[in-house]
Amino acid sequence: MFKKVLIANRGEIAVRVIRACREVGLETVAVFSEADRQALHVRLADEAYLLGPAPSRESYLRMDKILEIARKSGADAIHPGYGFLAEREEFAAACAEQGITFIGPKPSSIAAMGDKMTARETVRKAGVPVVPGTEDVGNLSDEELLAVAPKIGFPLLIKATAGGGGKGMREVRTLEEMPGLLRAARREAEAAFGDGNVYLEKLVTGARHIEFQILADAHGNVIHLGERDCSIQRRHQKLVEEAPSPIMDEELRRKMGEVAVKAAQAVDYINAGTIEFLVDKDRNFYFLEMNTRLQVEHPVTEMVTGIDIVKEQIRIARGRPLQYKQEDIRFNGAAIECRINAEDPYSNFMPSTGRIAHSLLPTGPGVRVDTGVYPGFEITPYYDPMISKLIVWGETRAQAILRMRRALEEYRIVGVRTNIPFHQTLMDSHRFMGGQYDTRFVEERFAIQEERDPALLEIAAALATLAAHRQTERAAQFVQRNERDTSNWKWVGRWERMHR
Amino acid sequence: MFKKVLIANRGEIAVRVIRACREVGLETVAVFSEADRQALHVRLADEAYLLGPAPSRESYLRMDKILEIARKSGADAIHPGYGFLAEREEFAAACAEQGITFIGPKPSSIAAMGDKMTARETVRKAGVPVVPGTEDVGNLSDEELLAVAPKIGFPLLIKATAGGGGKGMREVRTLEEMPGLLRAARREAEAAFGDGNVYLEKLVTGARHIEFQILADAHGNVIHLGERDCSIQRRHQKLVEEAPSPIMDEELRRKMGEVAVKAAQAVDYINAGTIEFLVDKDRNFYFLEMNTRLQVEHPVTEMVTGIDIVKEQIRIARGRPLQYKQEDIRFNGAAIECRINAEDPYSNFMPSTGRIAHSLLPTGPGVRVDTGVYPGFEITPYYDPMISKLIVWGETRAQAILRMRRALEEYRIVGVRTNIPFHQTLMDSHRFMGGQYDTRFVEERFAIQEERDPALLEIAAALATLAAHRQTERAAQFVQRNERDTSNWKWVGRWERMHR
Amino acid sequence: MKYITTIEDKEYRVEIVDEKHIRINDQLLEVDLVAVGGQPVYSLLISGKSYEAYIYPEEKEWQVLLRGQQYKAVVEDEREKRLKTAGGARAESGEFHLKAPMPGLVVSVPVEEGQSVKKGQVLVILESMKMQNELKSPRDGTVHRIRVRAGESVEQRQTLLSVT
Amino acid sequence: MKYITTIEDKEYRVEIVDEKHIRINDQLLEVDLVAVGGQPVYSLLISGKSYEAYIYPEEKEWQVLLRGQQYKAVVEDEREKRLKTAGGARAESGEFHLKAPMPGLVVSVPVEEGQSVKKGQVLVILESMKMQNELKSPRDGTVHRIRVRAGESVEQRQTLLSVT
């Protein structure tokens with residue numbers, strides 16, 4: 001039974017895992033890149049070791065170094081978080097070889113679900129509906145794909161076999177444009193994954209992205225914790241997730257839940273995982289893929305079920321049987337998560353870097369913030385732009401939306417631009433309030449509030465003028481007053497700022 | 001139906017009420033003293049008006065000014081929070097006279113429960129058990145009290161009729177010491193409340209302080225939201241509260257809940273209120289008093305019931321019927337609240353003032369922080385030392401305690417001393433873990449961890465030495481480098497610091 | 001002191017009357033501005049209403065982040081402004097330098113020197129934070145002096161190319 | 001650089017070897033100390049273990065707030081310390097000035113000038129934050145020069161009385 005966990009990740013998820021470990025009495029080991037010496041996960045862990053330079057492939061993707069640090073520090077388990085090494089079969093295998101518990105599924109399950117074509121075939125054989133598309137295992141040539149395309153029907157999607165994050169993905173409307181799009185998709189997939197293989201899927205229009213959270217132990221017990229609706233996306237990146245889905249009813253949840261459990265069983269799954277589905281307008285659902293790891297949006301499920309998913313991952317990795325049966329799982333109220341990204345919603349969501357000068361977290365009833373940053377911390381360009389997750393719970397979906405609005409209004413982050421205004425506009429939109437959205441909603445039918453409230457424009461003018469006036473007045477007075485501000489800590493603080 | 005609420009309070013509770021108002025779409029008006037211009041409730045409210053100088057009686061206790069601001073700003077309701085004017089019958093009456101909704105009970109209910117002797121008699125007649133003591137309404141002379149004391153039996157308590165906060169309270173062990181203690185109690189009560197009247201109560205030893213949360217609407221519906229155990233006290237000040245109480249079972253909860261509802265009905269109560277009981281070792285319970293307002297510790301009840309008590313207060317004040325029946329109330333898991341006070345647990349809990357230089361709030365699953373302070377805010381000596389409430393929820397009481405430990409460890413507040421080490425020691429104590437404590441536990445059987453871990457002593461030595469060494473090294477370099485730090489905002493920030 | 005403050009092509013006449021009063025477009029308002037906790041975050045009470053904003057100067061403008069929205073304001077002394085206007089309108093043209101808004105890797109430069117570009121046309125694709133970001137031309141013009149190539153790492157604020 | 005650091009009567013010999021190493025009581029340790037976000041809050045990695053502390057000088061001591069506990073350290077240059085010790089032990093006596101730890105109202109002064117007091121005896125009761133706080137004598141001695149009376153308001157750090 002392991003006692004010390006190395007968290008092979010950074011940011012909010014590393015902090016999240018440290019919290020769970022601490023609550024179950026496990027020691028924690030953080031790893032960090034040179035850009036992350038002051039990161040929150042380093043501050044909060046019991047131990048912390050440098051991995052290497054800022055770029056991921058020289059730090060958070062270095063399996064060898066991470067395993068070396070595990071050995072050196074005596075860590076007997078590794079939690080991979082999400083991203084980085086979380087879905088690398090060879091990393092899970094290397095942990096096992098060294099006698100370190102990998103808090104996640106078996107390497108074979110990761111492999112089976114990692115290749116999207118194999119995954120499709122495996123679950124299809126287990127009776128799980130998949131989106132109609134190229135049905136056979138094996139990589140097809142362009143001619144073969146062009147031949148099969150009319151049978152699937154247009155519009156369709158070209159997807160990368162090694163896929164993920166929308167890379168190597170192309171929409172095809174006609175057979176004529178298909179050869180060019182195939183070339184582009186293969187090129188992009190090759191660049192992103194070192195694997196140019198692609199397959200075809202029917203494009204399901206007006207669909208929702210709904211996923212089921214799975215828990216599976218080493219004793220053959222598999223349950224689901226209900227669904228999350230993740231249809232609010234931009235460029236195939238999820239922005240908002242909620243549980244329950246506004247379109248769900250008991251009957252559909254039961255059916256999809258059973259299928260999700262079946263899909264997990266098809267790859268002999270152990271630990272927490274997520275089965276992603278598309279649900280079309282007629283409430284037909286299709287398996288999309290399985291994420292063989294903890295999901296960014298796991299907190300919304302935690303809020304409605306009361307179950308701490310990371311603690312359950314640890315229990316499962318320790319070989320304990322699940323402490324819940326399917327019939328124990330109850331859903332209470334509604335939860336919504338907004339991903340707060342350091343990006344400018346007014347400039348085409350351009351990432352924003354810089355030092356967080358000031359911040360104020362929304363708190364109070366029903367509000368949870370999972371973050372890895374704090375005032376004074378520098379947002380660097382090396383990693384994902386997500387700086388926090390704002391999660392709220394309400395007795396009803398309407399109450400959750402109202403609470404999210406309140407929390408977004410309270411949230412202050414100064415020093416980098418964030419997508420908070422995007423979320424504010426979304427929470428005010430009638431379609432979101434009505435639960436009427438699909439995966440294309442943000443890109444096709446949503447515009448961020450650009451119009452200015454004239455009253456606020458006048459306030460902004462007053463503020464800028466007052467600030468400018470103060471600066472003018474003070475410029476003259478500044479030099480001789482400089483000496484006063486020399487109480488010791490301010491002085492040390494200032495020195496630090498100068499020498500960073 | 002009111003649209004704009006003035007919050008006649010400060011600190012965390014003003015922020016809490018602003019949040020609830022915002023979530024139900026009400027505008028908010030803050031009031032503040034000169035010491036609170038930068039307070040969080042001023043930052044978060046829609047409007048804010050100055051009341052007067054820092055001392056409470058020149059600001060937060062000025063009914064006239066508060067009503068004038070309500071008129072001026074068009075606020076048509078007032079939420080009093082707790083403390084200050086929350087239990088002043090004349091304030092509730094003055095609001096009514098001006099056509100402003102007082103979000104709380106009727107003036108007559110406040111009056112009936114405000115005089116502790118009257119309250120005892122009123123509920124006793126309604127069939128609520130009270131602690132044996134002086135049974136008649138009317139103020140007794142010293143001779144009368146000395147005559148009745150042996151009938152009640154020793155040890156007993158002298159309590160102030162106008163009572164609250166342990167003032168004018170004395171324990172009496174023998175008849176001989178009673179005259180002197182009577183004089184002292186009357187003197188203290190006179191000083192604190194302008195009323196030297198006292199009464200006697202049997203001292204219940206080994207008792208727990210357990211209170212029931214009540215909700216009552218204007219249509220005659222009264223329900224309870226279960227109990228809170230508030231036995232962890234020091235100098236009659238609550239420090240930790242939890243729900244459910246470790247000693248509670250369904251049967252006792254049902255009985256006490258019914259009695260609590262009866263007590264509220266006895267004074268024709270409307271809005272949220274709390275019935276406090278003492279429960280002795282044999283599980284006999286006695287009415288202690290009723291708090292006719294929102295309670296500091298209301299969040300623990302919110303965490304286990306999922307009900308937002310402040311939103312319910314607003315609904316009730318709007319004349320709506322309760323949306324829950326008693327049988328709808330379900331209790332889920334366990335919640336604990338630690339009151340974080342600016343006081344030094346190593347120096348006899350001496351209050352601590354100063355600027356908060358840095359802080360980091362614990363967040364993550366199951367953690368809620370209600371606070372009115374933030375980094376840069378100055379804690380002044382004028383008000384209550386409570387700077388935040390840390391509340392956690394867990395599936396079980398054990399999980400809640402483990403989570404509280406984790407949250408206390410994460411919580412950083414720098415610049416003032418806090419009682420966090422007290423809470424840490426408490427969460428580690430076997431008696432607390434076992435749920436075996438009474439109202440005397442902290443004072444009689446608990447000592448804060450004073451012993452130093454030698455490993456930490458060595459770390460502290462290393463830290464002090466490294467800091468001292470840096471200071472020495474830098475002192476010489478400082479002058480010529482001073483010029484560098486002149487990017488504009490730092491400069492403005494510094495100017496602000498200089499001129500505050 | 002009288003100022004002309006311009007936000008999004010709207011001009012406001014703002015007079016600082018005294019410590020606690022300003023006049024905007026002839027309306028007298030009571031104001032109370034304090035920096036919160038010594039930060040560049042300001043709490044403003046203006047005729048009772050409470051606002052909070054992050055305000056900082058950037059080049060010739062003041063940036064105001066208010067209720068989640070970013071405003072750019074040009075604050076000019078009324079007298080100076082009058083003199084300047086008398087001296088002739090400011091030139092709208094001149095060279096525009098495209099700077100990297102963040103450190104990153106240049107993925108591609110889909111334009112060539114001497115090429116005419118339209119406002120909004122993509123000049124450079126920059127990868128940062130695992131995202132590809134399109135840097136666009138703020139106006140019509142001609143590409144001039146391309147200083148970076150695909151595959152090159154650039155620092156924040158580094159000039160990538162110019163448009164004349 | 002060699003120091004003698006004293007915490008709670010325990011002496012530590014601490015040598016700053018270089019930027020990344022110190023020696024405590026002859027044990028060589030790898031250290032990495034950074035100020036977090038420019039605050040006086042320091043993150044220390046010491047042989048892999050992660051600690052966080054608030055460190056600030058106060059009069060002749062360094063205050064260290066570490067894992068919720070407050071430590072007071074006296075850091076002395078080894079050479080200086082040796083010279084001082086050679087010159088004779090520091091006087092343990094001398095006048096002690098009781099200062100108000102916070103602003104407040106003097107409720108009572110339960111001692112008189114010339115009165116002998118024991119360590120821990122209450123000298124002044126001060127009301128602040130709605131609480132009555134007992135200020136105690138840090139050692140045995142004689143009360144000297146009482147400068148405040150019951151009912152008087154005092155500022156933070158104002159001297160209330162002395163004990164010799």
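Protein chains get the first letters and strands the later ones, always in sequence-line order, with residue 1 at the start of each. A quick note: this is a predicted structure, and the numbers were derived from the prediction, not measured.
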Output every pair passing salt bridge (Lys or Arg N to Asp or Glu O under 4.0 Å) with a member in residues 31-40 of chain C, not counting sequence neighbours, ordered by first then second residue.
Arg37(B)-Asp32(C), Lys20(C)-Asp32(C)
Mind checking which of residues 43-51 of chain C sit less than 4.5 Å from chain A, heavy atom to heavy atom?
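If one takes a 4.5 Å heavy-atom cut-off, the residues of residues 43-51 of chain C near chain A are Leu44(C), Ile46(C), Tyr51(C).
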Heavy-atom cut-off 4.5 Å, strictly under: side chain, backbone, both or neither for [X] against chain C?
X         : answer
Thr418(A) : neither
Ile379(A) : side chain
Ser347(A) : neither

If you count heavy-atom pairs under 4.5 Å with chain A, which of Val75(C), Val64(C), Leu33(C) comes out on top?
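If we count pairs closer than 4.5 Å to chain A, Leu33(C) comes out on top.
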Hey, which of Val41(C), Ile16(C), Asn25(C) has the most heavy atom pairs under 4.5 Å with chain A?
Ile16(C)
Donor-acceptor pairs are to be reported for all side-chain atoms of residues 454-468 of chain A against protein atoms at under 3.5 Å, with residues two or more places apart or in another chain.
unit_1: Thr465(A); atom_1: OG1; unit_2: Ala461(A); atom_2: O; d: 2.5
unit_1: Thr465(A); atom_1: OG1; unit_2: Thr5(C); atom_2: OG1; d: 2.7

Atom pair [atom1] ([X]) and [atom2] ([Y]), whose distance is rounded to the nearest 0.5 Å:
X         : Y         : atom1 : atom2 : answer
Glu52(C)  : Glu410(A) : CD    : CD    : 11.0 Å
Trp62(C)  : Gln471(A) : CH2   : CD    : 4.0 Å
Lys136(C) : Asn348(A) : NZ    : CG    : 4.5 Å

Ion pair check, Glu409(A) and Arg67(C), cut-off under 4.0 Å
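The answer is no: the pair does not qualify as a salt bridge.
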Please look at Glu11(C) and chain A and tell me whether the side chain, the backbone, both or neither of the residue comes under 4.5 angstrom of a heavy atom of that chain.
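Looking at Glu11(C), nothing touches chain A.
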Cut-off 4.5 Å, heavy atoms of chain A, and the answer for Gln70(C) is both
Output field: ring centroids His469(A)/Tyr3(C) closer than 6.0 Å
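Ring centres of Tyr3(C) and His469(A) closer than 6.0 Å.
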Pairs where residues 113-123 of chain C contributes a residue and the test side chain to side chain donor-acceptor pair (under 3.5 Å) is met, not counting sequence neighbours:
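Sorted result for residues 113-123 of chain C: empty, none.
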In terms of heavy-atom contacts, does [atom1] of [X] have more than 12 from other residues, nucleotides or ligands at under 6.0 Å?
X         : atom1 : value
Glu58(C)  : CD    : yes
Arg183(A) : CZ    : no
Glu443(A) : CD    : yes

Report the C-alpha separation of Gln69(C) and Tyr346(A) in whole Å, then their side-chain angles, then the decisive distance to 0.1 Å, and conclude whether the side-chain contact (heavy atoms from CB on, under 4.5 Å) test is met.
CA-CA 9 Å; Gln69(C) 306 237 346; Tyr346(A) 296 108; 3.4 Å; yes
